[in-house]
There are 2 protein chains.
Amino acid sequence: MADLPTSPDRSPRSVGFLLSQLGFVTSGRFSDALEPVGLSPREWSLLRFVAAAKGQSQQALAEQLGIPPSRMVALVDALEERGMLERRPDPGDRRVRALHLTPEGRRALARAAKVAVEVESRLCSVLDEAEREQLIDLLQKIQAEQVDRPGVHPGIARDHPARGRAE
Amino acid sequence: MADLPTSPDRSPRSVGFLLSQLGFVTSGRFSDALEPVGLSPREWSLLRFVAAAKGQSQQALAEQLGIPPSRMVALVDALEERGMLERRPDPGDRRVRALHLTPEGRRALARAAKVAVEVESRLCSVLDEAEREQLIDLLQKIQAEQVDRPGVHPGIARDHPARGRAE
DNA sequence: TATTGTTATACTCTATAACTATA
DNA sequence: TATAGTTATAGAGTATAACAATA
């Protein structure tokens, strides 16, 4: 079996390498850009899901996102302390905490959306609009076949702390 | 400023999200596929660099890869224990350890190359060859502008242990 | 006095599993 | 007896900085 071709700069000409490398760079950029908003990428992810389906229990959300319930606690704690998320009692079952966005959480989400547009714009500055559309189409084709839950970034649920981040 | 469009499955139609998500998935796949070879992605990265420039000192390599010298020690230790890498004394400077591949290291590298081809093939199974070339061209265009050292996967040098992996 | 490689240490993030309160 | 949420704990991986040998 032939090796993947490699450029003189030692960057393999491979979709896998490029995705892994650019994905890493992009995640870092987004994380940095989100800092002024006061959110980590993971917190942003959680807020998006709460916004999309208000009133779900912590564990229902944890299940959807694929993270253990114990981690959910700290995640929600942090957002509640900053007034972005609210735990409300469930009248039907007093064990359950239903999660809701606060106005502050909604504002943070709006600011994060701006940040996402800015990161996207910088990332794609070298492409014209047709190329960007083309690129998204190709990536979505891969996503449709290779990713179980397209709306969920698997980084939110990673179970191996330091796994697979290097090539 | 307009938000990024989002599909019904809540996956944003954005290059940034797709790169981050697919990059994460790809890294995990590669990491898993490499396991039978007995290498972590990071170790593979290091071996590639040693192979490309034999006899460099640990710290010269660490500099190139952007990792602290102290981490280099454990990394080289592990590869040396498995007989893939060799520390040789430098005749000119007795402080220096020059790094060389062993035959076993070369074999591991060859096996890893096969694995990379397999992962690539599975990842791109939904694309025809023209689409794959087109995708690589678009990604390399971004890479050229957004990545400092195209041959170095930044994951090998990450300084924030749990940073930015989620969306 | 500076540099190479090494070791020691403290810190962060994580999953597991015990625990409580409700059901 | 089972389930939602919480807390306690131990493990992995990391950077920083002190260290020994050599320059």
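What's counted below: heavy atoms across the whole structure, side chains too, no hydrogens, waters or symmetry copies. Numbers restart at 1 for each chain; the letters A, B, ... are given by sequence-line order, proteins then strands. Quick caveat: nothing in here was measured; it's all calculated off a predicted structure.
Judged purely by distance below 3.5 Å, without hydrogens or angles, the side chains of B:Arg149 and B:Gln64 never pair a donor atom with an acceptor atom.
If you check C:dG5, D:dA15, D:dG5 against the side chain of A:Ser57, the one that comes closest is D:dG5.
Atom CG of B:Asp77 and atom P of D:dT14 are 14 Å apart (whole Å). Note: CZ (A:Arg94) to P (D:dT3) measures 20 Å, nearest angstrom. Atom CZ of A:Arg71 is separated from atom P of C:dA17 by 16 Å (rounded to the nearest Å).
Across all strands shown, A:Val96 has heavy atoms under 4.0 Å from sugar-phosphate atoms exclusively, and none from any base.
Phosphate proximity of C:dA21 to A:Arg97: absent, as no side-chain N or O sits under 4.0 Å from OP1 or OP2. An OP1 or OP2 oxygen of D:dC19 is reached within less than 4.0 angstrom by no side-chain nitrogen or oxygen of B:Arg95. Remark: B:Gln59 is in phosphate contact with C:dT4, judged by side-chain N or O atoms under 4.0 Å from OP1 or OP2.
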Take A:Ile142 and B:Leu135, measure what side chain to side chain contact (heavy atoms under 4.5 Å, CB included) needs, and give me the verdict at the end. CA-CA 11 Å; A:Ile142 295 182; B:Leu135 176 54; 3.7 Å; yes
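Annotation: of the two residues near DNA chain C, A:Asp93 and B:Ala98, the 5′-most nearest-nucleotide partner is B:Ala98.
Hydrophobic clustering (side-chain heavy atoms under 4.5 Å, transitive across Ile, Leu, Val, Met, Phe, Trp, Tyr) groups A:Val152 together with A:Leu79.
Side chain of A:Glu86 to main chain of A:Thr102: no donor-acceptor pair is present (N/O by atom type, distance under 3.5 Å, no hydrogens or angles).
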